[in-house]
**Q** 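Let me give you the structure first, and then I'll get to my questions.
As a basis for the values below, the full set of heavy atoms in this structure was taken, side chains included, without hydrogen atoms, waters or symmetry mates.
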Amino acid sequence: MQTNEIIAFLKEVELFNDLSNEELVLLSEAYELKYLSPSDHLFHENNPRTSFFVVVEGLIQLSKKDLYGDEKSLTMFGRSDFLAEGALLDDYPHSTNAKAITNAAVLIFNAKKLQSILDATPNIYVKIIAKTARIISRRMRQTTNQVVDAAAQYISGKTRTEHDLLGYKEIPQEALYGIQTFRALENFDITKVAINHFPNLIIALAQVKLASAKANYDLGLLPPDVFKGITKACEEIINGKLHTHFVVDMFQGGAGTSTNMNANEVIANRALEIMGNERGQYEFCHPNNHVNLSQSTNDAYPSALKIGLIYKSKKLIEVLRDLVESFRNKSREFSNIIKMGRTQLQDAVPMTLGQEFEAFAMTLEEEIHRIEENARLFLELNMGGTAIGTGINADPKFGELTMKYLWEITGLPVRLAMNLVEATQDTGSFIMFSSAIKRLAVKLSKISNDLRLLSSGPRAGLSEINLPPMQPGSSIMPGKVNPVIPEVVNQIAFKVIGNDLTVTIAAEAGQLQLNVMEPVIAQSLYESMMMLENGMKTLKKRAIDGITANEKRCRELVENSIGLVTALNPYLGYEKSSEIAKDALENNRSVYELVLERGYMTKVELDKVLDPVNMIHHTNMGK
């Protein structure tokens, strides 16, 4: 890029839009243009902050690692966006990571070089530093996910007046949402959990609105400038921006209308800004007339729910695969450790600790296929059905066109339901999916029960394995360490099972052409998956990966167990074997010495038959 091109570009950037051309020229010594390929990093978390960056083209992803080292996407930056502007104020390390998602070009401003220019030009210094401080302050305000009450939304004190069929309301000027969202904030202060806690849902809502806008534009129903504004607003939301303006509670009456209108209003107001208008000037871009064109809450909301749930299920499966692999690694590590198997908490027959852990891995691996199978039910959508599935106020071509664009936008092979009236009232896919994640929760709880039993002790329990000690276990009993990680997974499972019941009852509560209980279905499913995802990460990192085996203890329990007598059935018969078991139990003698004493087998024969290693696989019964 030539200098004049860069200067023209910088005038688009909020940080510099108060500067004259002459002032922008003075900054040319402080920046360099850098081209990035996908996955190239601009900076890493905890590295020194020496520069700030302005995106010229392409997409830059901002992310942060969680407690387990997994990288979580926070937002996307595109043309004229800037990041790490705090480098102008201090030299604190970066708290996030930034990398290119596409081919990108970025202006890199060296903080020290820029500071020397600013020191020599006080006018520029005042403009840039003041703008930087305001931007940082704004970003800090927006980091909250849920505002305590409506009054706290008044940041500057400025308001705009909006109206609906019930009357007029003063809406905070800073808010991208409008009057219907504001009423929902007043009416549904229930869980204190806003829909922005579930970014997959917000992204899916924007994708549905974007696909709808594209379909409406193809049908000649949206003016070009409105279409471009809606498209850009939706793309910003899909890239992780503006999510803090999605503020309605997950629990709400109205079959999801509050959520749908929250999306419509945010998109409309952002589109207005892009078009050069003020927020609330709905004569130019209206939440209902333009953003919600050819749609109803009753098709847009469930379609977004389903797409968001598919996204969330993919992450759940990714975490589940990692947990399966952790169990499988332990099964290999413990493959030669003989222990006693148990049924009904009584001694059964020998096995290896590796076999026990491989069973854990296999039973969880089955759930990957079950979840994938049931998530595919969400690919059937009812877009174009509008209010009750008859398609009133939607062009006959709208549904199929929307499916085409949703497939392109999401990468998911979505399809239009065969009967839109049936699809609008049916919640069967939610029931099936909820059942699948409940099944996963039940299995995780059973495994957690087993881990607690196997690690019980340390002196007076089974004590076959050791869980990593996580925290002191008692305020009164010194030295006690509890199996807190399996315990918390148990509790997660109980909540998921309860949420499944909620989904079932809510699905049953549908009446005639609509089920108005979809918000609680949505909240239950998203909450269950969030807890399972976090729970499985915790179980893997803080329990399974650190488990050790007490091999000597496992062997002793096998050698002293009456369960060895089962191996004598093919040789002595059930009755003689039962007599030996009874004698061994009543007189505290070993199975081994009783068989020799009664002359049922020779020592060589008995050593071979009662060797636990020979009991951990199928028996050759041929003569």
**Q** K495 and side chain to side chain contact (heavy atoms under 4.5 Å, CB included): which single residue from N499, I492, I497 fits?
**A**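 Only match with K495 under side chain to side chain contact (heavy atoms under 4.5 Å, CB included): N499.
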**Q** If the condition is salt bridge (charged side-chain N to carboxylate O under 4.0 Å, His left out), which residues does E236 pass it with, not counting sequence neighbours?
**A** K232, R270
**Q** Taking NZ, NE, NH1 and NH2 as the nitrogens, is one of them in E551 or K339 under 4.0 Å from a carboxylate oxygen of the other?
**A** no
**Q** Considering only NZ, NE, NH1 and NH2 on the basic side and carboxylate oxygens on the acidic side, decide whether E380 and K306 come within less than 4.0 Å.
**A** no
**Q** I want to check something: taking the side chain as every heavy atom from C-beta on, are I547 and F357 in contact at a cut-off of under 4.5 Å?
**A**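 Counting from C-beta outward, I547 and F357 do come under 4.5 Å.
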**Q** Is the closest side-chain heavy-atom distance between I485 and L467 below 4.5 Å?
**A** no
**Q** Are any of the side-chain nitrogens in K540 or D545 under 4.0 Å away from the carboxylate oxygens of its partner?
**A** yes
**Q** Taking side chain to side chain donor-acceptor pair (under 3.5 Å) as the test, write out the residues that go with S463, two or more places apart.
**A**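 By the side chain to side chain donor-acceptor pair (under 3.5 Å) rule, S463 matches N550.
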**Q** Classify the angle between the aromatic ring planes of F246 and H243 as parallel (below 30°), tilted (30 to 60°) or perpendicular (above 60°).
**A** perpendicular
**Q** Do E464 and R553 sit within salt-bridge range, that is, some charged N less than 4.0 Å from a carboxylate O?
**A**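 R553 and E464: not salt-bridged.
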**Q** Going by side-chain hydrogen bond (donor to acceptor under 3.5 Å, both in side chains), name the pairs with one or both residues in residues 358-377, residues two or more places apart or in two chains.
**A** R321-E372, R328-E358, R328-E365, S331-E358, T363-K443, E366-K443, E367-R439, E367-K443, R370-E373
**Q** Can you find a pair of side-chain heavy atoms, one from I465 and one from T548, that are under 4.5 Å apart?
**A** no
**Q** Determine whether the aromatic ring centres of F251 and F188 lie less than 6.0 Å apart.
**A**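 Not under 6.0 Å, so no.
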**Q** Here's a test for you: under side chain to side chain donor-acceptor pair (under 3.5 Å), which of T424, D426, D299 qualifies with N382?
**A** T424
**Q** L381 and side chain to side chain contact (heavy atoms under 4.5 Å, CB included): which partner among T402, I307, V208?
**A**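 Per the side chain to side chain contact (heavy atoms under 4.5 Å, CB included) rule, the option paired with L381 is I307, out of T402, I307, V208.
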**Q** Within the 4.5 Å heavy-atom criterion, are I202 and I195 side-chain neighbours or not?
**A** yes
**Q** Quick one: are L416 and E400 in side-chain contact, heavy atoms under 4.5 Å?
**A** yes
**Q** Would a 4.5 Å heavy-atom cut-off, applied to side chains only, mark V503 and L525 as touching?
**A**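 Side chain of V503 against side chain of L525, heavy atoms only: contact under 4.5 Å found.
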**Q** Find out whether M250 and L201 are in side-chain contact, i.e. whether some heavy atom of one side chain is under 4.5 Å from a heavy atom of the other.
**A** yes
**Q** Hey, does M76 have a side-chain heavy atom less than 4.5 Å from the side chain of L62?
**A**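 The answer is no, as the side chains (C-beta and beyond) never meet within the 4.5 Å cut-off.
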